[in-house]
Amino acid sequence: AAISPFKATRNQVRQMVKENFIETFVDTPVGECEVRDVKGLYAKARKGELKGFTGVDDPYEAPDNPELKLNTVGRTPEDNARTIIAYLEKRGFLSSVQS
């Protein structure tokens, strides 16, 4: 899995992996990330104690057309998991799961 805040890196990986590349955008506003940050990394970055911190002093380039977009505000982890499973089933990566 490539975790990258930069479009160019994601596009490089897409070219390497071809049709099996699934760009997934886990969409969470930076403010929400700060609220959920149990380690206090955002606070340290805001104080200048951490440099190059994505979303604070280093950019994040959101994907233009991800195969999957998961919102973490207003949706449960279970909702997002169902979205992922449905997508993987549709693409043939998983067999249909019966509840």
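As a basis for the values below, the full set of heavy atoms in this structure was taken, side chains included, without hydrogen atoms, waters or symmetry mates.
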A.B. asks: Using side-chain heavy atoms (C-beta onward) and a distance below 4.5 Å, is Asp27 in contact with Leu70?
C.D. replies: no

A.B. asks: Do we see a donor-acceptor contact under 3.5 Å between the side chains of Tyr42 and Arg46?
C.D. replies: no

A.B. asks: Is there side-chain contact between Ile84 and Leu68, with heavy atoms separated by less than 4.5 Å?
C.D. replies: yes

A.B. asks: Among the clusters formed by ILVMFWY side chains lying less than 4.5 Å apart, do Val26 and Val56 turn up in the same one?
C.D. replies: no

A.B. asks: Answer yes if Phe6 and Tyr60 sit in the same cluster of Ile, Leu, Val, Met, Phe, Trp and Tyr residues linked by side chain heavy atoms under 4.5 Å apart, and no otherwise.
C.D. replies: no

A.B. asks: What are the two closest heavy atoms between Pro5 and Pro59, and how far apart are they?
C.D. replies: CB-O, 3.8 Å

A.B. asks: Between atom CG of Asn65 and atom CD of Glu23, what is the distance when rounded to the nearest 0.5 Å?
C.D. replies: 8.5 Å

A.B. asks: For Asp58, what residues pass the salt bridge (charged side-chain N to carboxylate O under 4.0 Å, His left out) criterion, not counting sequence neighbours?
C.D. replies: none

A.B. asks: Answer whether the closest heavy-atom distance between the side chains of Glu89 and Ser95 falls below 4.5 Å.
C.D. replies: no

A.B. asks: Find the distance between CZ (Arg82) and CG (Asn80) and round it off to the nearest 0.5 Å.
C.D. replies: 9.5 Å

A.B. asks: For the side chain of Lys69 and the backbone of Pro66, is there at least one donor-acceptor N/O pair under 3.5 Å apart?
C.D. replies: no

A.B. asks: At what distance, to the nearest 0.5 angstrom, does CZ of Phe21 lie from CD of Glu67?
C.D. replies: 7.0 Å

A.B. asks: Between Leu94 and Ile22, is there a shared hydrophobic cluster once you connect ILVMFWY residues whose side-chain heavy atoms come closer than 4.5 Å?
C.D. replies: yes

A.B. asks: Kindly compute the distance separating CD (Gln12) from OG (Ser4), expressed to the nearest 0.5 Å.
C.D. replies: 9.0 Å

A.B. asks: Heavy atoms only: give me the nearest Pro29-Val73 pair and the separation to one decimal.
C.D. replies: CD-CG2, 3.9 Å

A.B. asks: Find the distance between CG (Leu41) and OG1 (Thr54) and round it off to the nearest 0.5 Å.
C.D. replies: 11.5 Å

A.B. asks: Salt-bridge test for Glu32 and Arg36: reply yes if a basic N is under 4.0 Å from a carboxylate O, no otherwise.
C.D. replies: yes

A.B. asks: Using atom types as modelled and distance alone, determine if a side-chain donor or acceptor of Asp79 lies under 3.5 Å from a backbone N or O of Arg75.
C.D. replies: no

A.B. asks: Are Phe93 and Asn20 side-chain neighbours, meaning at least one heavy-atom pair lies under 4.5 Å?
C.D. replies: yes

A.B. asks: Return the NZ to CG distance between Lys44 and Asp37, rounded to the nearest 0.5 Å.
C.D. replies: 9.5 Å

A.B. asks: Could you tell me whether the side chain of Lys7 reaches within less than 4.5 Å of the side chain of Asp64, counting heavy atoms only?
C.D. replies: yes

